[in-house]
Amino acid sequence: DRIKTLRRLNPQKSYGADVISRIMHVNGNPDHRLGYDIRKVLAEEIEEILENPGISDKNESDQRIFIEEIAVSGNTTMIYLLMDYDPQSLAVSPFETRENHMIEGRVDQLFCDCKRLKSAIDGQTKISILPWISAYVGGDIVSGMYGTSLHDLKGNVLFVDIGTNGEIVFKTGNKVYAAATAAGPAFEGGNITCGMGNVKGAIAEIDYNGTTFDYETINGEPPVGICGSAIIDVVSILHREGLVEDSGFMKEEVPIAGDIKIYPKDIRQIQLAKAAVMAGMQVLVKEAGMTMEDVDALYIAGGFGKHLSIPNGAAIGLIPKELVDKTEVVGNTSLSGAIRYMLEAKGKADIDAIKDECSYI
């Protein structure tokens, strides 16, 4: 009946802005803390949720709340690091992974180094980690497909989770094609001079009134940086106003708000990212023997997409122009799929079927 969500920046970002950098950090470093750091943050978030006064209908005298189940979905590297698996094979051709089945176990086995959870779990509290398709099409995409019922949809549907890995699925008839593109961290604020993730104070939407930029920040806080969706807005605006050439060349930085500016090198980062995502969509549609005109719908997932302007995305070549009127932003489907998995008895069978019917390109 009640769902509470929390979000935190990934503490692993201090070891690198992308998964390859983090894998390289692990290489030959037995004392790395990437697994510990993510388990610690998850434990802290769970504790914060349990402290929410509306989380339980129990009498106030009974303060102990038990967790029945935890479901986890994430990209393949994130799951490897969470589980303390050696991720080296993910970064080297042929990019092999462990057997990609649902991982099921007890919470106390995974979070043994997180004392905060001990009062809320017992030996029966189970954890389910959703399976991946390949090294770079992870459980977040399997969960997203399940959360949106993609496997039940009619017609030709593109599903794109835009993040550091641009993970893309194309469903047509009873066939499902999947691919990943190296979009890089630009859409999550990485490698952008004043960029940041989708956190309080991040500028999430930008417009231009002919003289100055108008903007909205997350939670209405004073602006402290600019996140991916607003970067799309400003690149589109600067191109429209002639400050960015068709080639992507921009002569000098442009102030947005206070010390927050867009720099010429930021434009290049966005070019690389949006070209990777567009190429991935084109490859999958071509693999199916179709063109963009044959696509009936485009779903854009991920935290980045929440504030995304579809017209601005199309203006810079992130979204195919043929699909502007067929595009829907569907939010954090990795999370919604994990929630649905816990609520539906047939979740495991459906997720296994989704995973098994994907052809990885």
Side-chain angles (χ1 to χ4, degrees), residues 1-14 17 37-38 40-55 73-74 78 116 140 143-144 147 161-164 183 185-209 212-237 254-263 266 269-270 273 299-313 318 327-339:
D1 294 333
R2 293 184 297 274
I3 296 175
K4 178 176 175 61
T5 62
L6 294 175
R7 62 184 173 195
R8 291 269 294 273
L9 288 176
N10 185 354
Q12 297 172 346
K13 66 185 178 65
S14 61
D37 284 355
I38 197 64
K40 181 174 181 288
V41 165
L42 291 175
E44 289 172 352
E45 286 191 291
I46 293 168
E47 182 184 48
E48 186 174 341
I49 286 177
L50 294 178
E51 290 173 351
N52 176 27
I55 204 69
S73 63
M78 279 295 296
R116 296 170 179 267
D140 50 346
S143 182
D161 191 319
I162 299 178
T164 302
F187 292 136
E188 296 176 346
N191 293 344
I192 302 296
T193 309
C194 296
M196 62 188 305
N198 296 340
V199 296
K200 293 179 182 179
I203 297 175
E205 298 179 28
I206 293 181
D207 203 353
Y208 184 64
N209 60 24
T212 60
F213 290 98
D214 301 318
Y215 56 83
E216 293 185 13
T217 65
I218 294 177
N219 284 22
E221 300 281 339
V224 293
I226 183 169
C227 68
S229 55
I231 295 169
I232 300 299
D233 291 339
V234 75
V235 172
S236 173
I237 291 166
V254 175
I256 303 298
D259 294 332
I260 301 170
K261 301 177 181 179
I262 294 292
Y263 292 81
D266 300 333
Q269 291 294 321
I270 290 295
Y299 291 153
I300 295 181
F304 159 80
K306 183 177 180 181
H307 298 278
L308 175 66
S309 163
I310 294 171
N312 286 344
L318 172 63
T327 300
E328 181 180 351
V329 174
V330 291
N332 188 344
T333 57
S334 175
L335 179 59
S336 63
I339 293 170

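Scope of the values below: all heavy atoms of this structure, side chains included, with no hydrogens, waters or symmetry mates.
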Quiz: residues 214-224 side-chain donor-acceptor pairs under 3.5 angstrom, not counting sequence neighbours:
residue	atom	partner	partner atom	Å
Thr217	OG1	Glu221	N	3.0
Thr217	OG1	Glu221	O	2.5

Inset, instruction - Under the side-chain hydrogen bond (donor to acceptor under 3.5 Å, both in side chains) rule, collect the residues that match up with Asn312, sequence neighbours excluded. - result: Asp233, Ser236, Ser309
Legend entry - Partners meeting side-chain hydrogen bond (donor to acceptor under 3.5 Å, both in side chains) with Ser143 (sequence neighbours left out): none
Inset, instruction - Test side chain to side chain contact (heavy atoms under 4.5 Å, CB included) on Asp266 and Ile231 and set out the steps. - result: CA-CA 9 Å; Asp266 300 333; Ile231 295 169; 5.9 Å; no
Inset, instruction - Measure the CD-CD1 distance between Glu205 and Ile226 for me, rounded to the nearest 0.5 Å. - result: 11.5 Å
Legend entry - Exercise: identify the closest heavy-atom pair between Ala186 and Ile192: O-CG1, 3.9 Å
Legend entry - pair Phe213-Ile203: side-chain heavy atoms closer than 4.5 Å: no
Inset, instruction - With rounding to the nearest 0.5 Å, note down the distance linking OG1 in Thr333 to CG in Asp161. - result: 5.5 Å
Inset, instruction - List the atom of Lys200, the atom of Met196, and the distance in Å for their closest heavy-atom pair. - result: O-CE, 4.5 Å
Legend entry - CD1-OH distance between Ile256 and Tyr208, expressed to the nearest 0.5 angstrom: 10.0 Å
Inset, instruction - Might you point out which heavy atoms bring Ala202 and Gly197 nearest each other, and give the distance in Å? - result: CB-O, 3.4 Å
Legend entry - Val254 side chain reached by Val234 side chain, heavy atoms, under 4.5 Å: no
Inset, instruction - Would you confirm whether Ser336, through its side chain, and Gly147, through its main-chain N or O, come within 3.5 Å as a donor-acceptor pair? - result: no
Inset, instruction - Look only at the side chain of Thr212 and the backbone of Asn209, and say whether a donor-acceptor pair between them is shorter than 3.5 Å. - result: no
Legend entry - Minimal non-hydrogen separation, Val41 against Pro11, with atom names: CG2-CG, 3.5 Å
Legend entry - Nearest-0.5 Å distance that lies between atom CD in Gln269 and atom OG1 in Thr193: 9.0 Å
Inset, instruction - Could you grab the distance from atom CD1 of Ile270 to atom CD1 of Ile262, nearest 0.5 Å is fine? - result: 8.0 Å
Inset, instruction - Could you grab the distance from atom CD1 of Ile38 to atom CE of Met78, nearest 0.5 Å is fine? - result: 4.0 Å
